[in-house]
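Any value given below was found using the heavy atoms of this structure, including those in side chains, with hydrogens, waters and symmetry copies removed. All values derive from a computational prediction rather than experimental measurement.
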Amino acid sequence: MTTTEHKNTNTAVNNDIEPLFAKDYNVYINHTDAGGIVYHANHLVFFENCRRDWFTKLGLNGYFLQTDDGDIQHFVVSQADLQYKRAILLDEVISVRIDKVELKPASIIFYQSIRRSTSDNSATDKTISQILSSTKIVIACVQNLVKPEPMANNETNNAQPDNAVNTTPMRPIRVPKELRDAIEQAISEQTNERL
């Protein structure tokens, strides 16, 4: 699904800022509807893949982190605000970017975009990037509170009580220090490159 990763490319004009991270992805038939246009929900898939690839680049393999006590910490999307600008088409290569990140005590806010590089068609023949979609995605850091369920005393009564919940209990926690430090370092490096 991925082709190349790029950092300091001059593929954008019109005051585009350099992203924290950008990666090219091929658009395959399974991403599209019958008309060859990327299905709207797959924009979220590309944004997710980009965040995951950035975490891997930062040395954080995966969304599941285990504490020294054996507790499992991970991330859940708590908000997604998408704006669709232009269609993404079958067989094109798109650049998915992390444009900006804000760190909160128990969450991370990502500002991301999907772009297409096109020629300027003027005498300068510069390459410009067209925004295809953009998003603000908030991921919350949580910890699983999984406990073994007690066995029913009565084998004939297999029904669960009305107040039983079939979801994994979680509680919000602070963004792990290792992740916070890695993101702050990436933001600092980007700021220094602009100066």
Open item on the list: So, using ring-ring contact (aromatic ring centres under 6.0 Å, His included) as the criterion, who are the partners of Tyr39 when residues are at least two apart?
Closed with: none
Task: Pairing residues for His74 by the ring-ring contact (aromatic ring centres under 6.0 Å, His included) criterion, not counting sequence neighbours - done: Phe64
Taking [X] for the side chain and [Y] for the main chain, is one N or O donor matched with an acceptor at less than 3.5 Å?
X: Gln190; Y: Glu18; result: yes
X: Asn144; Y: Met170; result: no
X: Gln112; Y: Phe47; result: yes

- [ ] Using the test side chain to side chain contact (heavy atoms under 4.5 Å, CB included), find all partners of Ser107 that sit at least two apart in sequence or belong to another chain.
- [x] Lys104, Val138
Open item on the list: Using the side chain to side chain contact (heavy atoms under 4.5 Å, CB included) criterion, which residues pair with Arg174? Sequence neighbours excluded.
Closed with: Pro105
Any chance you could measure [X], atom [atom1], to [Y], atom [atom2], to the nearest 0.5 Å?
X: Asn49; Y: Thr56; atom1: CG; atom2: OG1; value: 10.5 Å
X: Ser133; Y: Ile114; atom1: OG; atom2: CD1; value: 3.5 Å
X: Leu132; Y: Gln83; atom1: CG; atom2: CD; value: 13.5 Å
X: Arg97; Y: Asp24; atom1: CZ; atom2: CG; value: 11.5 Å

Task: Worked verdict on Arg115 versus Asp99 for side-chain contact (heavy atoms from CB on, under 4.5 Å) - done: CA-CA 11 Å; Arg115 296 172 183 247; Asp99 297 305; 4.3 Å; yes
State which residues pass salt bridge (Lys or Arg N to Asp or Glu O under 4.0 Å) with [X]; sequence neighbours excluded, sorted by chain then number.
X: Asp181; value: Lys177
X: Glu92; value: Arg116
X: Lys136; value: none

Task: Smallest separation among heavy atoms of Val175 and Ala106, with atom names - done: CG2-C, 3.9 Å
- [ ] Please name the pair of heavy atoms, one in Cys50 and one in Ile98, separated by the smallest distance, quoted to 0.1 Å.
- [x] SG-CG1, 3.8 Å
- [ ] Could you list all the salt bridge (charged side-chain N to carboxylate O under 4.0 Å, His left out) pairs where at least one residue sits in residues 74-91, not counting sequence neighbours?
- [x] none
- [ ] Any salt bridge (charged side-chain N to carboxylate O under 4.0 Å, His left out) involving residues 39-48? Give me the pairs, sequence neighbours left out, ordered by first then second residue.
- [x] Glu48-Arg51
Task: Same apolar cluster (I L V M F W Y, side chains within < 4.5 Å links), Ile109/Leu20 - done: no
Open item on the list: With ring pair (Phe, Tyr, Trp, His ring centres under 6.0 Å) as the rule and sequence neighbours excluded, what pairs involving residues 76-104 come up?
Closed with: His43-Tyr84
TODO: Could you tell me whether Phe46 and His31 have their ring centroids closer than 6.0 angstrom?
DONE: yes
4.5 Å side-chain heavy-atom contact, [X] and [Y]:
X: Val101; Y: Tyr111; value: no
X: Leu44; Y: Leu82; value: yes
X: Val77; Y: Ile137; value: yes
X: Cys141; Y: Pro172; value: no

- [ ] Apply side-chain contact (heavy atoms from CB on, under 4.5 Å) to the pair Val142 and Ile173, showing each step before the final yes or no.
- [x] CA-CA 5 Å; Val142 296; Ile173 59 166; 5.6 Å; no
- [ ] Let me see the working for Ile72 and Gln143 under side-chain contact (heavy atoms from CB on, under 4.5 Å), right down to the final yes or no.
- [x] CA-CA 6 Å; Ile72 302 296; Gln143 182 169 315; over 6 Å; no
Task: Stepwise salt bridge (charged side-chain N to carboxylate O under 4.0 Å, His left out) test for Glu178 and Arg180 - done: CA-CA 6 Å; Glu178 177 185 7; Arg180 179 176 290 281; over 6 Å; no
- [ ] Given side-chain contact (heavy atoms from CB on, under 4.5 Å), test Ile94 with Val27 step by step and report yes or no.
- [x] CA-CA 7 Å; Ile94 55 174; Val27 177; 4.2 Å; yes
Open item on the list: Please verify the inter-ring angle class for Phe110 with Trp54; under 30° counts as parallel, over 60° as perpendicular, anything in between as tilted.
Closed with: perpendicular
Task: Apart from Ile37 itself, residues in the same hydrophobic cluster as defined by side-chain heavy atoms under 4.5 Å - done: Leu89
Task: Ile29: hydrophobic cluster co-members (side-chain, 4.5 Å) - done: Leu90
Task: Residue pair Asn42 / Tyr28, side-chain donor-acceptor N/O under 3.5 Å - done: no
TODO: Check the surroundings of atom CD in Glu184: do more than 12 heavy atoms from other residues, nucleotides or ligands lie under 6.0 Å from it?
DONE: yes
